[in-house]
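Note that these values count all heavy atoms, side chains included, but never hydrogens, waters or copies made by symmetry. It should be emphasised that the depicted structure is a prediction, and the values quoted were computed from it without experimental measurement.
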Amino acid sequence: MPKVSHEYVIRKKNTILEAALSVCKVKPLYEITMRDIIKASGISQGGIYRYYSDLDEILVAVINQANANADYKQVVDAIIENSNSPKESIKKLFTFLGEYMKENLSTVGKIQFELTIVFANNPERQKKILLNITENESGQYLVERLFSTIHEGISLGSFQPEVSPEDLLTFVMTSIDGIVRDVVLQKCYGMFQNEQVQFDEIRLMDTLCKSVLLLLGSK
C-alpha cells in the first residue's frame with residue numbers, strides 16, 4: 001500500500017463509518033454484512049480491509065462514534081446550574097431527555113437495542129465487541145443528577161414524597177426504559193401501528209415528569 005497521509009486515512013475511515021451508519025439506520029445490526037457496507041461506501045472490498053480488519057471492528061467504531069456524539073454530561077450540569085429550584089431542574093431534565101430521544105433514537109437507540117439481540121445469539125461476538133466499546137455513561141449520569149436534585153428538594157422541604165426515593169428511582173428508570181423500547185419498536189420496526197397510537201418522546205417525558213412531581217408532592 002503506498003504511503004498516505006494521516007488525514008487521508010481519517011477521511012477514508014470516516015467515509016466507511018458514515019456508510020456503515022447509513023446501513024445501520026435501515027437494516028438490523030444483526031443482519032448487516034460487509035457487502036452492505038462496501039456497497040454503501042463505494043469502496044472496494046480490498047480498500048475497506050486496508051482500514052478495518054472485519055465487520056465487527058467497523059461496528060465497534062460506529063458504536064464508539066455514536067457514544068461520543070451522545071455525551072451530554074455537560075448539558076446536564078448546565079441545566080442544573082442554571083435552574084432556580086429543584087422543581088425547575090427536574091422539569092428541564094425531562095424536557096431535555098425527551099428532545100434528545102426524539103433526535104437520537106433512530107441511531108443510538110436502535111443500535112443499542114439491536115446489540116442486545118446480537119449478544120444474545122452470538123456470545124463470542126459479544127466478548128469481542130464489548131472489549132472494544134467505549135461506554136457512554138451520560139444516561140446514568142443524568143439519572144444520578146436527577147435523584148441528587150430530588151434529594152436536595154426533599155431536604156429543602158420543596159418535596160413531600162408519596163413514595164420512598166428507592167421506589168421512585170425504580171419507577172423512573174423502568175419508565176424511561178419502557179419508553180425507549182416502545183418508541184424504537186414503533187419508529188424503527190413499525191410495531192404498534194394498528195393501535196392508532198403514535199408515541200411522541202417529548203410528550204411521554206412530559207407526562208413522566210408530571211407523574212414524578214405528583215409523587216414528590218411538589219408544592
Side-chain angles (χ1 to χ4, degrees), residues 1-72 97 99-140 176-195 197-201:
M1 178 178 176
K3 187 174 181 179
V4 295
S5 68
H6 176 70
E7 291 76 14
Y8 177 87
V9 172
I10 294 298
R11 284 199 304 272
K12 281 292 185 181
K13 283 190 169 184
N14 284 338
T15 297
I16 295 167
L17 295 187
E18 287 170 7
L21 183 59
S22 70
V23 174
C24 287
K25 290 179 180 179
V26 298
K27 192 170 185 177
L29 201 66
Y30 45 84
E31 290 184 0
I32 293 173
T33 66
M34 187 65 91
R35 184 179 298 277
D36 294 321
I37 297 173
I38 290 169
K39 183 178 179 180
S41 67
I43 298 174
S44 69
Q45 180 173 325
I48 282 187
Y49 280 112
R50 290 175 183 171
Y51 303 102
Y52 294 99
S53 61
D54 58 22
L55 175 63
D56 283 345
E57 187 176 352
I58 294 176
L59 294 180
V60 165
V62 169
I63 293 164
N64 285 340
Q65 188 178 75
N67 283 342
N69 293 337
D71 187 351
Y72 51 77
L97 188 55
E99 292 171 345
Y100 173 82
M101 286 181 179
K102 199 171 192 71
E103 183 71 23
N104 294 279
L105 273 189
S106 64
T107 52
V108 178
K110 180 176 182 290
I111 289 171
Q112 290 176 345
F113 179 80
E114 290 170 354
L115 264 182
T116 62
I117 301 173
V118 172
F119 293 163
N121 291 286
N122 300 275
E124 293 304 315
R125 288 187 75 189
Q126 177 180 4
K127 292 178 184 178
K128 180 181 177 183
I129 291 172
L130 284 181
L131 280 173
N132 295 289
I133 286 181
T134 303
E135 288 291 336
N136 172 28
E137 300 177 350
S138 293
Q140 179 182 341
I176 292 173
D177 286 345
I179 289 170
V180 170
R181 181 196 64 233
D182 287 351
V183 171
V184 167
L185 286 174
Q186 184 178 77
K187 296 194 172 181
C188 298
Y189 302 97
M191 294 185 66
F192 313 122
Q193 299 294 350
N194 295 328
E195 298 180 19
V197 175
Q198 284 297 316
F199 297 137
D200 181 276
E201 302 90 326

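- Residues Phe113 and Val180 have side chains not in contact (no heavy-atom distance under 4.5 Å, counting atoms from C-beta outward).
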> Taking it one step at a time, do His6 and Ile10 satisfy side chain to side chain contact (heavy atoms under 4.5 Å, CB included)?
Replying inline: CA-CA 6 Å; His6 176 70; Ile10 294 298; 3.6 Å; yes
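- At least one side-chain heavy atom of Leu59 sits under 4.5 Å from a side-chain heavy atom of Leu29.
- Here the side chains of Ile58 and Met34 are in contact, with some heavy-atom distance below 4.5 Å.
- Ser44 meets the side-chain hydrogen bond (donor to acceptor under 3.5 Å, both in side chains) test with no other residue; sequence neighbours excluded.
- Taking the side-chain hydrogen bond (donor to acceptor under 3.5 Å, both in side chains) definition, one finds that Gln112 meets it with nothing, sequence neighbours left out.
- Residue Glu57 comes nearest to Tyr51 through the heavy atom pair OE2-O, 4.3 Å, listed as atom of the first residue, atom of the second, then distance.
- Interatomic distance, Ile129 CD1 to Lys127 NZ, rounded to the nearest 0.5 Å: 13.0 Å.
- Closest of all the heavy-atom pairs between Leu105 and Cys188 is O-SG, 4.3 Å.
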> Given Glu114 and Ile32, is the side chain to side chain contact (heavy atoms under 4.5 Å, CB included) satisfied, shown in steps?
Replying inline: CA-CA 11 Å; Glu114 290 170 354; Ile32 293 173; 6.0 Å; no
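- Among pairs with a residue in residues 13-27, those fulfilling side chain to side chain donor-acceptor pair (under 3.5 Å) read Lys27-Asp36, at least two apart in sequence or across chains.
- Looking at Leu17 and Leu21, their side chains never come closer than 4.5 Å, going by heavy atoms from C-beta outward.
- Residues Ile43 and Ile38 have side chains not in contact (no heavy-atom distance under 4.5 Å, counting atoms from C-beta outward).
- Residues satisfying the ring-ring contact (aromatic ring centres under 6.0 Å, His included) test with Tyr100, not counting sequence neighbours, are Tyr72.
- The closest side-chain heavy-atom distance from Asn122 to Tyr30 is not below 4.5 Å.
- The structure places CD1 of Ile48 at 11.5 Å from CZ of Arg50, a figure rounded to the nearest 0.5 Å.
- Residues passing the side-chain hydrogen bond (donor to acceptor under 3.5 Å, both in side chains) test with Lys39: none are found, sequence neighbours excluded.
- Looking only at side-chain heavy atoms (C-beta outward), Lys102 and Val183 stay at 4.5 Å or farther from each other.
- The shortest non-hydrogen separation linking Ile133 to Val60 is N-CG1, 4.4 Å.
- When atom types are taken as modelled, the side chain of Asn132 and the backbone of Asp56 share no donor-acceptor pair closer than 3.5 angstrom.
- Note that CG of Leu131 is 10.0 Å distant from CD of Gln126, once rounded to the nearest 0.5 Å.
- We find the CG-CD distance between Asp200 and Gln186 to be 10.0 Å, quoted to the nearest 0.5 Å.
- Atom CZ of Arg35 is separated from atom CD of Gln45 by 7.5 Å, given to the nearest 0.5 angstrom.
- Checked against side-chain hydrogen bond (donor to acceptor under 3.5 Å, both in side chains), Gln65 has no partners two or more places apart in sequence or in another chain.
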